[in-house]
> 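Right, I'll just put the structure down here and ask away after.
First the proteins, then the strands, lettered A, B, ... as listed; each starts at 1. Heavy-atom basis, side chains included; hydrogens, waters and symmetry copies ignored.
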Amino acid sequence: MAKFNRYLITAALPYANGPVHIGHLAGCYIPADIYVRYLRAKKADVKFIGGTDEHGVPITIRAMKENTTPQAIVDKYYKIINDSFEAMGISFDIFSRTSREIHHKTSADFFLKMYNDGLFETRESEQYFDEVKQVFLADRYIIGTCPNCGNERAYGDQCEVCGRTLSPEELINPRSALSDAVPVKRKTTHWYMPLQNYEPWLKEWLLDGHKEWKNNVYGQCKSWIDSGLQSRAMTRDSNWGIKVPLPDAEGKVLYVWFDAPIGYISATKELTPNWADYWCKEDTKLVHFIGKDNIVFHCIIFPSMLKAHGGFVLPDNVPANEFLNLEGEKISTSRNWAVWVDEYLQDFPDQQDVLRYVLCSTAPETKDNDFTWKDFQDRNDNELVGNLSNFVYRTMVLMHKLCGGKVPPIHADVKDDKDDAVLPMLQAAKQKIEDALENYRFREALQEMMNVSREGNRYLQEKQPWILAKTPELQAQNQAVIDNCLHMCLQITANLAIFANPFMPFTAKKICHLLKVVDRMLEWENAGTLNLVKVGYSLRAPEMLFTKIEDEKIKAQVDKLQATKAAAAPAANGTPAPAKDAAPAKEAVAPKAEIQYDDFAKLDLRVGTIIQAEKVEKADKLLKLLVDIGTEKRTVVSGIAMHFKPEEIVGKQVTLVANLAPRKMRGIESQGMILMAEDNGKLVFVNPAEVVAPGSGVS
RNA sequence: UGCGAGGUAGAGCAGAGGUAGCUCGUCGGGCUCAUAACCCGAAGGUCAGAGGUUCGAAUCCUCUCCUCGCUACCA
């Protein structure tokens, strides 16, 4: 421990094309946050770095499909992701983004330094090109018929139906996933990093020097290194990303896996002018928290880059976690099989610590694990409510009933073995939690913390102060025993706040509030002592730290998941579901910017009746409607043909935006817009609950 | 296909040659300060399967099966 004087902790940069889900939290962000909070409690000099990864081909493709810009996509998800982390108490010192100027400069400089030192080789290769969209295509974005099983939607790198690994050449009838065009080969030049040159060094630094790394991490690295490394392209053909800082490099950007980890450096620069202390001094302990899919990049490629560039510290550890499943199935963003953090926060307000607790205790530290809502409820009800919350509550209640609401004194003359055992128990727990945390065994640390509460309950049960209080004739001597017991219970409660703080910071603060102590009590050095609450202090009224979760709430969550399955089912029969290719089923709802009443008042909303409806020729989605708004009849073109037949909507009342600037669609001028509610892809008319006169205003 | 990690009680995990353990659930009992919470006790395992080494194997070796990841242009 003495070896390091400061800590630099990073958590994988989430990719900004979707919100974060519980798998992200369990695998990476919660362990990282626990570690960081523990270090801060020990008053260590620590910086916790995070941010979104905003480059890469998938974002550009998504933008193309949604007819928007990559920037719009990353802006949207940066906000959602950042808000989710903040609300969950993931205590980043900075949560930056790789689209920021400082990152562009840092990455470009990093590349340039390596370039100037002659550490890249250039190679020309032939890549598939989409002539319609004018972009190079990654293998993944070429679709064709699988030569093995005949699946017509096999990807250029793999067939999802038979699992066979493919190359685009093998596909029968290959076409671009973006435009359906037949891809052509085109020559392109890229800068490669010869990773094989770093092999001897990697063997020494990683294989010999870091045998203490987790099995899954070490094993995978060893396998890569032993099988021989190759040159790897560090640039791509794209116009979204960090421009290659060289002449004649138009249309070339840095490979996202080159720039993303440099994001840790840029974010630190953005955070503090002393960034170099954290990145360049040998007495800094750098730890990367990631999921198992990121192992080679963080353990082999990025360290090789740092080594090649020179002047940077290398990771001391990369405690990668495995994956979290959900109700027995893999979490899937595209199939919407996930518990989204932003939705959890809405559905379970102020219950961040429940999720933090459950995800930590079921974290996939050594193998993939399963999250189920039933387990979530059980752990909350049995462990948090039954054990922890209950101990604190009964301590507070008894203290009020039997000790006048004040911290009772210790009476040395009646102290017994059980009282004396409390201090060593707390000290042993502190030691065990420290050992576990410093070795990245978070589940174990959490269990030790809960064990303290369990010991507290047992102690209280053995002393039975409520029995002693029932014999008034012995009041004088019994009160001393009661005092000792509750004094100890209160000290245990205070210790619990310190122990719980890294895992459940919101709960730790609640305990501080109950005990009327300041947050500084949570400093780690205070753990394992018995002078945290002062004799004679009057404390607050008892409060439950956690409450049971009703069955209906759990059922609602399970139903919500099952509904996504049902929604996906029709696509599954017939043609194979284009799972990853489909636009994510979830449209996260980012709240729009606040507006003033005047902005709202500009809208002219009116109720109208549809008096005519017909399909627009050569357009699958459009219906041409004639809407009667009392004073006049408006022609409106509406994109609802997939949802309604013309004949079934004639006579319906609708809400019309009457002062929207007219717009021509398919040659027809649309004079307004009809309000629709969207429920998971299903459209529903927004109209008055009762029929009103055509032209009635809406406000 | 190859490589890596994992497979231990209903669930989640620990144990790395010497009597299979912890938390939760289940069952039985106790208690009443505490939200049927708390405390005590019990049941529940051919340690994925097969073979081998050994006085002795969950643990070491060989083979097989299952899950997940990586397999170098998904990020």
Side-chain angles (χ1 to χ4, degrees), chain A residues 12-15 17 53 55-59 61 125 127-128 136-142 155-158 163-165 167-168 190 195 214-224 226-233 236-237 255-257 260 291-297 300-301 320 322-323 325 330 358 361-372 374-375 378-379 381-383 385-387 389-402 441 443-444 446-447 450-451 454 456-467 469-470 485-486 489 542 544 546-548 580:
Chain A
L13 307 184
Y15 201 54
N17 73 341
D53 174 9
H55 296 135
V57 178
I59 284 172
I61 302 226
S125 63
Q127 299 284 313
Y128 283 100
F136 280 94
L137 295 166
D139 293 355
R140 181 99 228 167
Y141 296 102
I142 298 171
Y155 297 102
D157 56 350
Q158 193 185 30
R164 166 106 166 244
T165 306
S167 70
H190 284 291
L195 290 172
K214 290 173 65 168
N215 283 348
N216 55 338
V217 177
Y218 187 88
Q220 175 145 172
C221 293
K222 183 164 167 28
S223 136
W224 262 65
D226 287 350
S227 61
L229 301 174
Q230 299 170 22
S231 293
R232 189 174 172 113
R236 290 286 185 278
D237 292 290
Y255 176 37
V256 281
W257 268 113
K292 68 172 158 181
D293 51 337
N294 278 196
I295 289 172
V296 285
F297 296 101
I300 293 184
I301 299 176
E322 301 281 303
F323 282 169
N325 291 330
K330 276 203 269 187
V358 172
S361 46
T362 184
E365 283 180 13
T366 53
K367 63 169 184 197
D368 289 359
N369 238 336
D370 196 23
F371 175 95
T372 63
K374 175 79 173 76
D375 181 63
D378 284 348
R379 286 183 189 274
D381 291 1
N382 301 324
E383 301 175 28
V385 177
N387 181 355
S389 182
N390 192 234
F391 171 69
V392 174
Y393 190 69
R394 57 201 296 227
T395 295
M396 294 298 287
V397 167
L398 284 169
M399 182 270 301
H400 278 281
K401 282 191 180 169
L402 308 179
R441 297 194 304 260
R443 282 186 314 218
E444 184 185 323
L446 183 64
Q447 223 166 18
M450 289 300 281
N451 209 32
R454 202 166 293 119
N457 272 318
R458 184 178 290 134
Y459 168 75
L460 198 49
Q461 191 69 23
E462 285 169 350
K463 299 282 285 192
Q464 304 192 79
W466 54 90
I467 302 278
K470 279 186 179 167
C485 173
L486 284 157
C489 287
M544 296 296 292
F546 296 95
T547 53
K548 292 206 164 187
K580 294 195 180 173

> Taking 4.0 Å as the cut-off, does a side-chain nitrogen or oxygen of A/Lys401 come that near to OP1 or OP2 on B/A34?
yes
> Name the nucleic acid region contacted by A/Thr372, choosing base, sugar-phosphate or nothing; use a 4.0 angstrom heavy-atom cut-off, strictly under.
nothing
> Considering every strand and a 4.0 Å limit on heavy-atom distances, what is the contact class for A/Asp293: base, sugar-phosphate, or nothing?
base
> Can you tell me, in whole Å, how much space there is between the C1' of B/A58 and that of B/G49?
14 Å
> OP1 or OP2 of B/C38 sitting under 4.0 Å from any side-chain N/O of A/Arg454?
no
> Touch check for A/Val217, heavy atoms < 4.0 angstrom, all strands: base, sugar-phosphate only, or nothing?
nothing
> Is any side-chain N or O of A/Arg394 under 3.5 Å from a base N or O of B/C33, one able to act as donor and the other as acceptor?
yes
> Nearest to the side chain of A/Thr366, heavy atoms from C-beta on, is which of B/A14, B/C73, B/C31?
B/A14
> Between B/A14 and B/A5, how far is it from one P atom to the other, in whole Å?
15 Å
> On a whole-Å scale, what distance lies between the C1' atoms belonging to B/C68 and B/A43?
34 Å
> Can you figure out which of B/C3, B/A72, B/U32 approaches the side chain of A/Arg232 most closely?
B/A72
> Identify, between A/Asn216 and A/Thr547, the residue whose nearest nucleotide on RNA chain B lies closer to the 5' end.
A/Asn216
> Using only side-chain N and O atoms of A/Lys367, determine if any of them is under 4.0 Å from OP1 or OP2 of B/U8.
yes
> Could you pull out the closest heavy-atom pair between A/Ser389 and A/Met544, with the gap in Å?
OG-CE, 3.5 Å
> Base, sugar-phosphate, or nothing: which does A/Phe546 touch, judged by heavy atoms less than 4.0 Å apart?
base
> What closest approach, in Å, do A/Leu398 and A/Trp466 show between heavy atoms, and which atom pair accounts for it?
CD1-CE3, 4.1 Å
> So A/Asn382, base contact, sugar-phosphate only, or nothing? Heavy-atom distance under 4.0 Å.
sugar-phosphate
> When you compare the side chain of A/Val57 with that of A/Tyr141, does any pair of heavy atoms fall below 4.5 Å?
yes
> Hey, does A/Phe297 reach any base, or is it just sugar-phosphate, or nothing, if we go heavy atoms under 4.0 Å?
base
> For A/Asp378, which contact category applies under a 4.0 Å heavy-atom criterion: base, sugar-phosphate, or nothing?
nothing
> Return the minimal non-hydrogen interatomic distance between A/Ala320 and A/Asn216, and the atom names on each side.
O-ND2, 3.4 Å
> Touch check for A/Glu444, heavy atoms < 4.0 angstrom, all strands: base, sugar-phosphate only, or nothing?
nothing
> Pull out every stem in RNA chain B, meaning runs of 3 or more consecutive Watson-Crick or G-U wobble pairs with both distances under 3.5 Å.
B:2-7 with B:65-70, B:10-13 with B:21-24, B:26-30 with B:38-42, B:48-52 with B:60-64
> How is A/Lys214 classified with respect to the nucleic acid when contacts are heavy atoms under 4.0 Å: base, sugar-phosphate, or nothing?
nothing
> Under 4.0 Å, heavy atoms only, any strand: does A/Met544 hit a base, just the sugar-phosphate, or nothing?
base
> Would you indicate which nucleotide in B/A34, B/A75, B/C24 comes nearest to any side-chain atom of A/Pro58?
B/A75
> Judged by each residue's nearest nucleotide on RNA chain B, which is more toward the 5′ side, A/Leu229 or A/Gly56?
A/Leu229
> With heavy atoms under 4.0 Å as the rule, sort A/Asp53 into base, sugar-phosphate or nothing.
sugar-phosphate
> Does A/Gln220 get its side chain close enough to the base of B/C3, under 3.5 Å, for a donor-acceptor pair?
no
> Within the structure shown, what part of the strands sits under 4.0 Å from A/Gly291 by heavy-atom distance: base, sugar-phosphate, or nothing?
nothing
> Give a yes/no on whether any side-chain N or O of A/Asn215 is located under 4.0 angstrom from OP1 or OP2 of B/G6.
yes
> CD1 of A/Ile295 to SG of A/Cys221: how many Å apart, nearest 0.5 Å?
6.5 Å
> Just to be sure I understand the rule, does A/Glu383 reach a base, reach only the sugar-phosphate, or reach nothing, if contact means heavy atoms closer than 4.0 Å?
sugar-phosphate
> List the residues meeting side chain to side chain donor-acceptor pair (under 3.5 Å) with A/Glu383, not counting sequence neighbours, and say none if there are none.
A/Tyr357
> Distance between the C1' atoms of B/G7 and B/U71, in whole angstroms?
23 Å
> Begin from the C-alpha positions of A/Asn457 and A/Arg454 and carry the test side chain to side chain donor-acceptor pair (under 3.5 Å) through to its verdict.
CA-CA 5 Å; A/Asn457 272 318; A/Arg454 202 166 293 119; over 6 Å; no
> Treating A/Asp368 as the side-chain partner and A/Phe323 as the backbone partner, does any N or O pair qualify as donor plus acceptor under 3.5 Å?
yes
